[in-house]
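The structure appears right after this line, and notes come after that.
Only heavy atoms go into these numbers, but all of them, side chains included; no hydrogens, no water, no symmetry mates. First the proteins, then the strands, lettered A, B, ... as listed; each starts at 1.
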Protein chains: 2
Amino acid sequence: MQDLSPQQNVQTSIDEAVVTGILSARIRPGTRLSENELASLFGVSRTRVREAMMRLEQRGIVKVSPRRGWFVVEPSAEEAMMVYAARRVIEAGLLRSMEELTDDGRATLHAHLAEEKAAIAAGDRQRLTCLMGDFHIRIAELSGNTILVEILRDLTARTILISLLYQSDFHAMQSHLGHCRIAAAMEEGDFLKAAELSVEHLDEVETGLDLTRRPDPLADLRHSLSLPPQTAAASNAPRKTKP
Amino acid sequence: MQDLSPQQNVQTSIDEAVVTGILSARIRPGTRLSENELASLFGVSRTRVREAMMRLEQRGIVKVSPRRGWFVVEPSAEEAMMVYAARRVIEAGLLRSMEELTDDGRATLHAHLAEEKAAIAAGDRQRLTCLMGDFHIRIAELSGNTILVEILRDLTARTILISLLYQSDFHAMQSHLGHCRIAAAMEEGDFLKAAELSVEHLDEVETGLDLTRRPDPLADLRHSLSLPPQTAAASNAPRKTKP
DNA sequence: GCGACAAATCTTGCATACAAGATGGGTAAG
DNA sequence: CTTACCCATCTTGTATGCAAGATTTGTCGC
């Protein structure tokens, strides 16, 4: 059953599987994560699944509803605003603290932007979602500060969940252009400008959300039945299910 | 602090106990945290202790050495620099993003600075350590962003561990004055200046460390036997134990 | 006295068992 | 037909048991 470096490989793989699932928008907010199912999927006992869930809960990625189950978080509008505020603070502060862009860094940014462009051309939405978040992580990686990288990775995961909940439609091109502008400022060595552009960019994304809209508890079923997405009017209408 | 149900109270109390122990410098870096001992101390089984350790590990506060035990982290010099860099980025970014100081905020800051002063006068070192870290958390709390508060709380815990490892002596008054200057700038509404002062303050603290000195693996025993603290020469001398 | 080896002991890693609680379906009463 | 209630089922919460490995101690040989 176990082949190579079994412990660590499996240990981190549950966490990673969930996180990458979220980063690529394959796992929706509110998704239920059953301990038993994950345990059999990964061929381990519930103990290790629970440990993974505990870690993910600490990272703000899943929540437990007592005796009911584990669920991927569905950030409230308030939380969503805090996540974006936190990202603005950290990303702008990070850019402002940078002093120069190495050749490697320049190459990394170029490669990433090229990937974004390719994904847009290909219309690969999952890949695009992942890349759009990754751009900001790449910048953090340039700083070499792994602590900030980890923090931003988790915030990015939450950002994607927020998008899935509140974003009416996804302006990939707009985000891509924002990234291009930030990268350009960095190449010029104008990190202050890059920081301001980053704040603008995040503002733009946040403004694109409809945070007045309540998350749709029927989204999964709606999707499964190929019904049209929830309209603003419908979301404000009284619902039978409790909020 | 929180009046939650008994279960959750016990659940979080292990985590909290460890963290507050660190924040008040009662728990030294490298302290071993035995699952069995904690389990009997808290009157629970090892399961819940393990879960707490997993959470604390995710927060960068403890580490597990496989089949050997759980230990409070002993940040390396590199990690220490990353922690300070992260704090500079976040705290400066946070202050820069602030726009006004409410009356409540002003009162909170005043009250805190008064406590610092009192602790200095009383020479209460544990309380002082806690307060010095708390100042920065108070500022984050003023922003109302609980996400950033939590991040900074954990970074502060690590900062204290770093101080215990690398700080030769503790210039409480210097830090206190730094805090006063930051608070003054905030009261003037000059958050940009406050941000710069904050960066300076953290630089000052980081400069006060001796990051070339390796952590002393015998510190605990040395302390218990009332031996004099490790000298720089001794720390560079070859040791029998592996680094 | 000193070093090497081996067993005893202590540690975590992981699985399993059982208990408590929530949910949903079925049934009976109105 | 609707509503209320109860029980079967499924979920997590927690404890416990056993195994694997690391450390330490005790012993033997030199």
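Qualifying ring-ring contact (aromatic ring centres under 6.0 Å, His included) partners for A/Tyr84, counting only residues two or more places apart in sequence or in other chains: none. Evaluation of the salt bridge (charged side-chain N to carboxylate O under 4.0 Å, His left out) rule for A/Glu78 yields no partner, not counting sequence neighbours. For A/Asp203, the salt bridge (charged side-chain N to carboxylate O under 4.0 Å, His left out) test picks out A/Arg88, with sequence neighbours left out.
As a whole-Å value, the separation of B/Arg67 CZ from C/dT12 P is 11 Å. One atom, CZ of A/Arg46, and another, C1' of D/dA15, lie 12 Å apart when rounded to the nearest Å. In this structure, the CE atom of B/Met53 is 12 Å from the P atom of C/dG13, given to the nearest Å. The CZ atom of B/Arg50 sits 14 Å away from the P atom of D/dA15 (whole-angstrom rounding). Going from atom CG of A/Leu38 over to atom C1' of D/dT11 covers 13 Å, rounded to whole Å. In this structure, B/Glu37 atom CD and C/dT11 atom C1' are separated by 11 Å, rounded to whole Å. Atom pair A/Phe71:CZ and D/dT11:P shows a separation of 11 Å (rounding to whole Å applied). Atom CG in B/Leu33 sits about 19 Å away from atom P in C/dC10, given to the nearest Å.
Applying the salt bridge (charged side-chain N to carboxylate O under 4.0 Å, His left out) definition to pairs two or more places apart or across chains, those involving residues 141-164 of chain B are B/Arg59-B/Asp154, B/Arg138-B/Glu141. Residue pairs meeting the ring-ring contact (aromatic ring centres under 6.0 Å, His included) criterion with at least one member in residues 14-38 of chain A, sequence neighbours excluded, do not occur.
The aromatic rings of B/His136 and B/His201 sit parallel to each other, their planes meeting at less than 30°, with 60° as the upper class boundary.
Comparing D/dT14, C/dT16, D/dG13 by their closest approach to the side chain of A/Val64 singles out D/dG13. Listed nucleotides C/dA15, D/dA15, D/dT12 differ in distance to A/Glu35; the shortest reach to its side chain belongs to D/dT12.
In this structure, A/Thr47 does not reach the C/dC14 phosphate: none of its side-chain N or O atoms is under 4.0 Å from OP1 or OP2. For the pair B/Arg48 and D/dT14, the criterion of a side-chain N or O lying under 4.0 Å from OP1 or OP2 is met.
One side chain, B/Asp210 or B/Thr212, offers a donor N or O that lies under 3.5 Å from an acceptor on the other.
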For nucleotides 23-26 of chain D, print each protein N/O atom paired with a nucleotide N/O atom at under 3.5 Å, atom names and distance only.
unit_1: D/dT23; atom_1: OP1; unit_2: B/Arg68; atom_2: NE; d: 2.7

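Among the atoms of the strands shown, none is found under 4.0 Å from any heavy atom of A/Ser65.
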